[in-house]
Trainee: 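Mind having a look at this structure? Questions to follow.
Every chain is numbered from 1 and lettered A, B, ... according to where its sequence line falls, protein lines coming before strand lines. Predicted, not measured: the structure shown is a model, and the values here were computed from it.
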Amino acid sequence: MIDPVRGKPDFPALEKTIAALWRDRGTYRTSLERRRGAKRFVFFEGPPTANGMPHPGHCLTRTIKDLYPRYRTMRGEYCERKAGWDTHGLPVEVEVCKELGIHSKAEIEAYGIEPFIHKCQASVWRYMKEWEGLTERIGFWIDLSQAYVTYHQRFVESVWWALAELFDRGLLYQGHKIVWWWAQGGTALSSGEVGQGYKEVADPSVYVAFPLLDDAGLPTQRSLVAWTTTPWTLPSNQFAAVKADLEYVVLREAPSPDVPRLPPGASCASPHEARSGSDGNPGLLTFPLSPQARGVSREDAPPEYVIAAPLAAALGEKLKKTFDIVARLPGAALVGRSYLPPFDTFREPGPPRAVPLVAGGAAPVAWRVVAADFVTTDSGTGIVHIAPAFGEIDYTVLVAEQARFAAGEGPALLNCVAPDGTFTDAFGMGSGRFVKDCDRDITRDIKARGLLVHQEQYVHDYPFCWRADNDPLIQYPRQSWFIRTSQFRDEMLANNARIDWLPEHIKDGRFGNFLETNVDWALSRERYWGTPLPIWVCEETGRMEAVPSYAALLAKPGVAGTDVFERAKAANPQLSDDLKVHKPYIDAVTYASPFAPGARMQRVTEVIDCWFDSGAMPFAQWGWPHAGDAEFKAQFPADFISEAIDQTRGWFYSQLAISTLLFGQPGEGATPYPHPFKTCIVLGHMLGEDGQKMSKSKRNYKEPAVIFDTYGADALRWFFLAGQPPWNSIRYSERAIRESVPEFLLRLWNVYSFFTIYARIDGFDPAAQLAAPGSLTHADLAHADLTQPRGWRPAAARGELDRWMLSELHATAAAMVTRMDAFDHFAAAQRLSALVDAMSNWYVRRSRDRFWAPGRADGGPETNAEKLDAYWTLYETLLTITKLAAPFVPFVTEAIWQNLAVATFGDLVPESVHLTDYPAGDAALVDADLVRRMGLVRDVSSLGRAARAAEQLKVRQPLAKVEVILADTSPADEQWLAAHAELVCEELNVKHFEVCREPDRYITRSVLPDLKKLGPKLGKNLPQARAALAQVDAAALLATLTREGRAKLPLAGGGEAVIDRDDVLIRTTAKEGWAAAEGPRAVVVIAKELTPELVAEGLVREVVHAVQSQRKTLDLDFTDRIFLGFETSSAELRAALAGHLETVASETLANSTTFGPLAGAASETLDIDGHPLTIHLARS
RNA sequence: GCGCGCGUAGCUCAGUUGGUUAGAGCGCUACCCUGAUAAGGUAGAGGUCCCAAGUUCGAAUCUUGGCGCGCGCACCA
């Protein structure tokens, strides 16, 4: 039997029961079993890092990741969901360092790498309970027991295979490059990691004079002005770069007014006059070069500054000084000139020594002006200080310069900074101090020596370590390992082009752009807790080889050092075997070099970027190729993945890059694009209550646990899924989550509750009514939905309201499947919500009288057939909606299924709604015409209410008549409306309803062009046609159109337009003076006149209303019967009541109604439309 | 600086290929129901669709340029 469900549901409590049910029965596994062998729907879980607490953003991803696999499973596909955990890398190491209260690499080494690694391994499981709790609580069905873990040996070995493959193909190389360097952490970072750590900071911005040298190698008064925001790089200055075809000027400070000026006519025009100069350059700086200005002797001359012409004015403004231009010259004229570097760090005393060039001639190796195309005039001075050690582009200058000299003769890389970010002894004044901390002293020193032209603060974004955000990164030269991803740019783009991105703009926008500008992947990390780079080096020759697995390592000749791990394991049996492929144990493993007799092969020291781990999960989750061949082949590529937008540079990229490099090469056996994923939903960012970024310190969001306990997981899921398209940024607001409950979950629940209450009262039990209980199989029930029970009638035999409901139901199901197959759950959810609204606010409301009608619904002799139809219709509708909603709100739907299906049919139905088939909609039950006409009735009712409201004619007051005029007169529609007069009368509380016979009394008709049809047809003539249409006699035109199907319309500019009946729409407008309301499809007119009888009825309704309120106040059950007594001094009210006592009695469940007081009754005196009345009410 | 996205009612947001009166929920106001009842329903008010120009017969929608917000990127030396 179906349990009656009453009262307000406690969703959180209910969800916990359901979660336990799934856990106990292993429902997820069963759902897989049922689809074994079916077409696969492949899902990849992007592994979260479990060493931090889950937050609302994870709730969103987990909701989306659950929705589609559930849906696809119900649609008949087989969707394994294998969990995974990201466990390596800086996030973990930094967390452990915090715990230990240490920071630097030196401190880690002092603590000991071995215990440090153990701590890292333990740390990744720290919040596992919370993560598993969240996963179950939000209803994310995923197999946690089979989770892949990136530090597991099997996973590591898969990554090794990938790296060995890349190494063997020459795609993994060691390069000396300028990398973003985390000095305190002693490692390079990937561009993705660097991107995580940008912060806005104010750095010193200095303009420094580099005095040009004369032929004797002595500094002149004339200096290049270079600009930098990193004063600490000045001691390592090596070149100054200019743009060859850019104009530079030589500035000299203009004499102050009290100093005698230069001879008149030379160069001292006033600024205003100067502005009239013909070359269009602004202001003061347009003086022609004066002959006198050239020959100033060195000693008494003021300093002269060389700067790019377009930037000279800006410098003058900064210095608040006026300058004369004493020379103009192209950048090319500066190239080759030597200058005095700001520091003598690397400079020998004496004039610069020239070294022979390959192309002939000679040049000093450093402190010389070079030409470079990257020099711009966007900011600075147009003269770029080049310190090749600390800038990627600077480094290219060095490489280019080196090429001009014979090998070994050219400039060496100048670098006075140690890997830990401190100055070496080569730069004495900063020795041992962190470079950025020396900026001030360096600036002061330059100033003291008269070389500081200008100094200011410069606010810009600068990268910091994403895991230690007080540590600024520096660019630093380092030997590092790279993957040649840039060589595969086109392949990655081609692969990307085949991926379905949602939203679509990610493909060519954010992600495509990122691929376009791809640089080689800086893979290695000089750290401890990560997948060790599986490359062994010959200690003698330096030659290397990559090892693809631990077994391959053990198979090497003369392997030694495996005992280090074995001893550790013996000392500590708890030690995980997975650690044997990690530092420090793996570093101990050596073998005989194949390259030099007697030499040993030793592993390089680095570990790798943890993003490579997660990007390798498509195969590494199975341990492929060492194991899991069948699984990998069956589960690659993924049909669907989803993460938030920050993963474009993270997991989305690492997967695509690795997959493209490993599996994407054209030719035999290549995996066709796209891989490793076909569809990716990119989720928007989650914002806090205030629309700002979520932040723990700001407390602008509620913990998920609070939401779960207050509103439930379904509420949160529905909010995520139905609130907005998933790629919008979502405002995670408690208010919005709370408000999403009544509009869908509660509405559905209320209908369900309504159904169960009356089903019990009327004895409706679908199982008991089966014609042949037991003859139905699971499949019959699951697919055909309870066909052929006794008393059951097919839809065609039921009333039109039932057919309408079933039509809406099946149309919605079909639409939802279309939307869901296109990964558009937002649209699907909106359809679903509209369906539940239709069921609650029209079907149930209009069917109430059938549920309350006499007779039973148990299929027995007292059965009322129409009533039974209503039950079956509502039952089928509820059950189908439950299935439709199941992937969205899995808990509440399961609760409903358990009662409506399992409690009723027992073993005849699947034990969980999630084991059923998703309804695809039965087209045979969709009746578009019926839906349209029902919409018409709803429109008419709605317009009627609007008309009443406009005239302040409250619905309790019965009125005589309502008339409707359809905009588009169709006899069939009119007939249909007439047939539903009773319904409309009831909705509007009127006595008569009819289609108006004399529409001209109330309305005027006009003919409107159907622009969508007429636009393409008439084009430029459309405005004239519209004007003509407005003029023409609408009635006559309509008559013509109806009669002949088309009409000619003369146009103002001559000519005519031929229009078809379908090209026009008819608009009806209500005339003044009637209680009328108009909509696009109809005008509804209400008769305002009241007869005494109508007034009396109105009064009676008021009294009934008052009695009902009193019943409610007295807390009577709706089945309680009562005695009523009325007292009134109003003859009119008394007469009205006297005429309708029976109505009052039946409406209020009164056993008797009398005039006069009642003993033991609750009494209330009130005013009924101006008539005094005392109501005495006693329980029967 | 470059790129991507967004800007629609008091608030949170939809708006499908350009088309006639731009929608929903919440909130507000009025009303209805009182046998879903510590629920439910109906209606109303409320909008220069950020601004400007353009394309078009027609623009919230397409184009360009501004302004504002968010995010991303990084050779800002």
Trainee: Could you let me know what B:G72 is paired to, Watson-Crick or G-U wobble, both distances under 3.5 Å, or none if it's on its own?
Mentor: B:C2

Trainee: Students often get this wrong, so: under 4.0 angstrom with heavy atoms, is A:R1111 touching a base, only sugar-phosphate, or nothing?
Mentor: nothing

Trainee: Does A:R747 have a side-chain nitrogen or oxygen under 4.0 Å from the phosphate oxygens OP1 or OP2 of B:G40?
Mentor: no

Trainee: Heavy-atom nearest nucleotide on RNA chain B for A:I730 versus A:D837: which residue maps closer to 5'?
Mentor: A:I730

Trainee: What does A:T233 touch in the nucleic acid at a heavy-atom separation under 4.0 angstrom: a base, only the sugar-phosphate, or nothing?
Mentor: nothing

Trainee: Counting any heavy atom closer than 4.0 Å, what does A:T517 reach on the DNA or RNA strands: base, sugar-phosphate only, or nothing?
Mentor: nothing

Trainee: Within the modelled atom types, does a donor on one side and an acceptor on the other bring the side chain of A:R948 and the base of B:C31 under 3.5 Å apart?
Mentor: no

Trainee: Checking A:N989 against A:R948: is there a side-chain donor and acceptor pair closer than 3.5 Å?
Mentor: no

Trainee: Rounding to an integer number of Å, can you tell me how far A:F826 CZ sits from B:U16 P?
Mentor: 12 Å

Trainee: Is the phosphate of B:G40, meaning OP1 or OP2, less than 4.0 Å from a side-chain N or O of A:R848?
Mentor: no

Trainee: Does any nucleotide pair with B:U61 by Watson-Crick or G-U wobble geometry, both distances under 3.5 Å, and what is it?
Mentor: none

Trainee: Can you tell which of B:U34, B:G19, B:G70 lies closest to the side chain of A:L1011?
Mentor: B:G19

Trainee: So what does A:Q1024 touch, heavy atoms closer than 4.0 Å: a base, only the sugar-phosphate, or nothing?
Mentor: nothing

Trainee: Is the shortest side-chain heavy-atom distance between A:F239 and A:L398 below 4.5 Å?
Mentor: yes

Trainee: Please state whether the phosphate of B:U12, meaning OP1 or OP2, lies under 4.0 angstrom from any side-chain nitrogen or oxygen of A:R731.
Mentor: yes

Trainee: Counting only heavy atoms not in A:E456, do more than 12 sit closer than 6.0 Å to its CD atom?
Mentor: yes

Trainee: Is it true that, when you exclude A:R1026 itself, more than 12 heavy atoms of the residues, nucleotides or ligands shown sit nearer than 6.0 Å to its CZ?
Mentor: no

Trainee: Which nucleotide, if any, forms a Watson-Crick or G-U wobble pair with B:G18, using both distances under 3.5 Å?
Mentor: none

Trainee: By nearest atom, which of the nucleotides B:C57, B:G35, B:A43 is closest to the A:A946 side chain?
Mentor: B:A43

Trainee: Could you tell me whether A:K1112 contacts a base, only the sugar-phosphate backbone, or nothing, with contacts defined as non-hydrogen atoms closer than 4.0 Å?
Mentor: base

Trainee: Choosing from B:C33, B:U20, B:A43, which nucleotide comes nearest the side chain of A:S942?
Mentor: B:A43

Trainee: Which part of the nucleic acid, if any, lies within contact of A:D394, taking any heavy atom under 4.0 Å across all strands shown: a base, the sugar-phosphate backbone alone, or nothing?
Mentor: sugar-phosphate

Trainee: For a quick check of understanding: with a heavy-atom distance under 4.0 Å over all strands, which category does A:G723 fall into, base, sugar-phosphate or nothing?
Mentor: sugar-phosphate

Trainee: Just so I know, are the side chains of A:Y732 and A:I737 near enough to count as touching, which here means a heavy-atom distance under 4.5 Å?
Mentor: yes

Trainee: Under 4.0 Å: is that the gap between some side-chain N or O of A:T229 and OP1 or OP2 of B:A77?
Mentor: yes

Trainee: What's A:P725 touching, base or sugar-phosphate or nothing? Going by heavy atoms closer than 4.0 Å.
Mentor: sugar-phosphate

Trainee: What contact category does A:N841 fall into here, base, sugar-phosphate, or nothing, at under 4.0 angstrom with non-hydrogen atoms?
Mentor: sugar-phosphate

Trainee: With sugar-phosphate meaning primed atoms plus P, OP1 and OP2, does A:G1015 contact a base, only sugar-phosphate, or nothing at under 4.0 Å between heavy atoms?
Mentor: base

Trainee: Look at the side-chain N and O atoms of A:H685 and state whether any lies under 4.0 Å from the OP1 or OP2 oxygen of B:G70.
Mentor: no

Trainee: So A:D1120 and A:R1111, do their side chains get closer than 4.5 Å, heavy atoms only?
Mentor: yes

Trainee: How would you label the contact of A:A736 with the nucleic acid (heavy atoms, under 4.0 Å): base, sugar-phosphate, or nothing?
Mentor: nothing

Trainee: For A:I506, answer base if it contacts any base atom (sugar-phosphate contacts may also be present), sugar-phosphate if it contacts only those atoms, and nothing otherwise; contact means non-hydrogen atoms under 4.0 Å.
Mentor: nothing

Trainee: Counting only Watson-Crick or G-U wobble pairs whose two distances fall under 3.5 Å, which nucleotide matches B:G44?
Mentor: B:C28

Trainee: Regarding A:I761, tell me which of base, sugar-phosphate or nothing describes its non-hydrogen contacts under 4.0 Å with the strands shown.
Mentor: nothing

Trainee: Within the structure shown, what part of the strands sits under 4.0 Å from A:Y752 by heavy-atom distance: base, sugar-phosphate, or nothing?
Mentor: nothing

